[in-house]
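Everything below concerns the one structure shown next.
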Amino acid sequence: MTRKHTISVLVNNQPGVLQRVSGLFGRRGFNIESITVGESEENGLSRMVIVTTGDDHTLEQVSKQLYKLIDVIKVVDLSSNPMVARELALIKVNAEPNMRPEILGVVETFRAAVVDIGPNSLIVQVVGDSEKIDAMTELLKPYGIKELSRTGVTAMIRGMVK
């Protein structure tokens, strides 16, 4: 059964690692819906969080292929465990002064924040799961979204790790 998978890949922080990992997905015909990369808790290592779609067998094959890459240290399917997943979005929306109270109502409802105010626009920052960001984007569309930038998903397994 095809479903969405969130994979954590711990890698050596070296030039070209991101290209090799993303290339592996491309060669196998898998789409990367989202990828985030940043330093991990260990010096010299980075953590990639990749969201992709496929069945369990396909994910197992990808995992085996990832381990063949020299800079890959550990691969974990986060989505097979209870996890916390978050994404950040910045949304620039048309906001004439007379429309601002209405837009601020949407911002408040989503516990988002206005991070910039221009003469005819607002930049809103929202953090949450992908569904929350999608829902807020839909509610802001009627006002006119000028620009949208999303970080992609980052995630961790809930609770203590052995």
Side-chain angles (χ1 to χ4, degrees), residues 1-93 106-107 110-113 115-116 121 123-141 144-162:
M1 181 176 85
T2 300
R3 65 183 181 96
K4 196 174 279 195
H5 294 276
T6 303
I7 306 162
S8 172
V9 185
L10 194 62
V11 297
N12 287 319
N13 190 356
Q14 298 289 327
V17 173
L18 175 61
Q19 180 183 3
R20 287 190 291 280
V21 169
S22 61
L24 183 145
F25 277 78
R27 285 190 304 279
R28 292 248 176 218
F30 302 122
N31 185 40
I32 294 175
E33 291 184 19
S34 151
I35 186 168
T36 60
V37 185
E39 291 180 352
S40 76
E41 68 283 0
E42 292 186 49
N43 198 19
L45 298 181
S46 291
R47 185 174 318 282
M48 297 181 179
V49 177
I50 302 168
V51 178
T52 189
T53 305
D55 59 23
D56 291 338
H57 174 72
T58 302
L59 181 70
E60 185 181 326
Q61 294 304 309
V62 167
S63 183
K64 286 178 182 177
Q65 293 298 313
L66 283 168
Y67 274 118
K68 289 182 181 179
L69 297 177
I70 195 160
D71 288 310
V72 171
I73 309 299
K74 187 175 184 181
V75 179
V76 177
D77 179 11
L78 299 176
S79 48
S80 66
N81 299 285
M83 69 175 183
V84 174
R86 294 291 181 267
E87 185 175 351
L88 176 135
L90 294 175
I91 307 166
K92 186 184 289 183
V93 62
V106 173
V107 169
F110 280 86
R111 293 189 178 124
V115 294
D116 184 69
S121 66
I123 297 179
V124 176
Q125 171 187 293
V126 59
V127 176
D129 59 28
S130 297
E131 291 77 17
K132 176 181 179 178
I133 304 223
D134 292 343
M136 184 162 190
T137 303
E138 281 304 309
L139 285 175
L140 291 175
K141 273 185 184 174
I145 293 176
K146 291 179 158 184
E147 196 173 343
L148 172 68
S149 181
R150 293 174 75 152
T151 60
V153 174
T154 191
M156 288 183 175
I157 295 173
R158 290 184 179 273
M160 297 300 293
V161 178
K162 299 172 195 130

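The first residue in the sequence is number 1, and the count goes up from there.
- By the 4.5 Å heavy-atom criterion applied to side chains, S130 and V153 are counted as neighbours.
- The salt bridge (Lys or Arg N to Asp or Glu O under 4.0 Å) check on D129 picks up nothing, with sequence neighbours excluded.
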For V17 and M48: C-alpha separation, side-chain torsions, deciding distance, then whether side chain to side chain contact (heavy atoms under 4.5 Å, CB included) applies. CA-CA 10 Å; V17 173; M48 297 181 179; 3.8 Å; yes
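- For E87 and K132, the salt-bridge test fails: no basic side-chain N is under 4.0 Å from an acidic carboxylate O.
- I73 has its side chain within reach of N12: a pair of non-hydrogen atoms, C-beta onward, lies under 4.5 Å apart.
- Judged by distance alone, with hydrogens and angles left aside, the side-chain atoms of S79 form a donor-acceptor pair with the main-chain N or O of T6 at under 3.5 Å.
- For E60, the salt bridge (Lys or Arg N to Asp or Glu O under 4.0 Å) partners are K64, not counting sequence neighbours.
- By the 4.5 Å heavy-atom criterion applied to side chains, I50 and V21 are counted as neighbours.
- Counting heavy atoms of neighbouring residues, nucleotides and ligands inside a 6.0 Å radius, atom CZ of R111 does not exceed 12 of them.
- With a 4.5 Å cut-off on side-chain heavy atoms, F110 and L139 count as touching.
- Within the 4.5 Å cutoff, the side chain of D77 has no heavy atoms near those of the D56 side chain.
- No side-chain donor-acceptor contact under 3.5 Å links D134 and T137.
- Judged by distance alone, with hydrogens and angles left aside, the side-chain atoms of T151 form a donor-acceptor pair with the main-chain N or O of L88 at under 3.5 Å.
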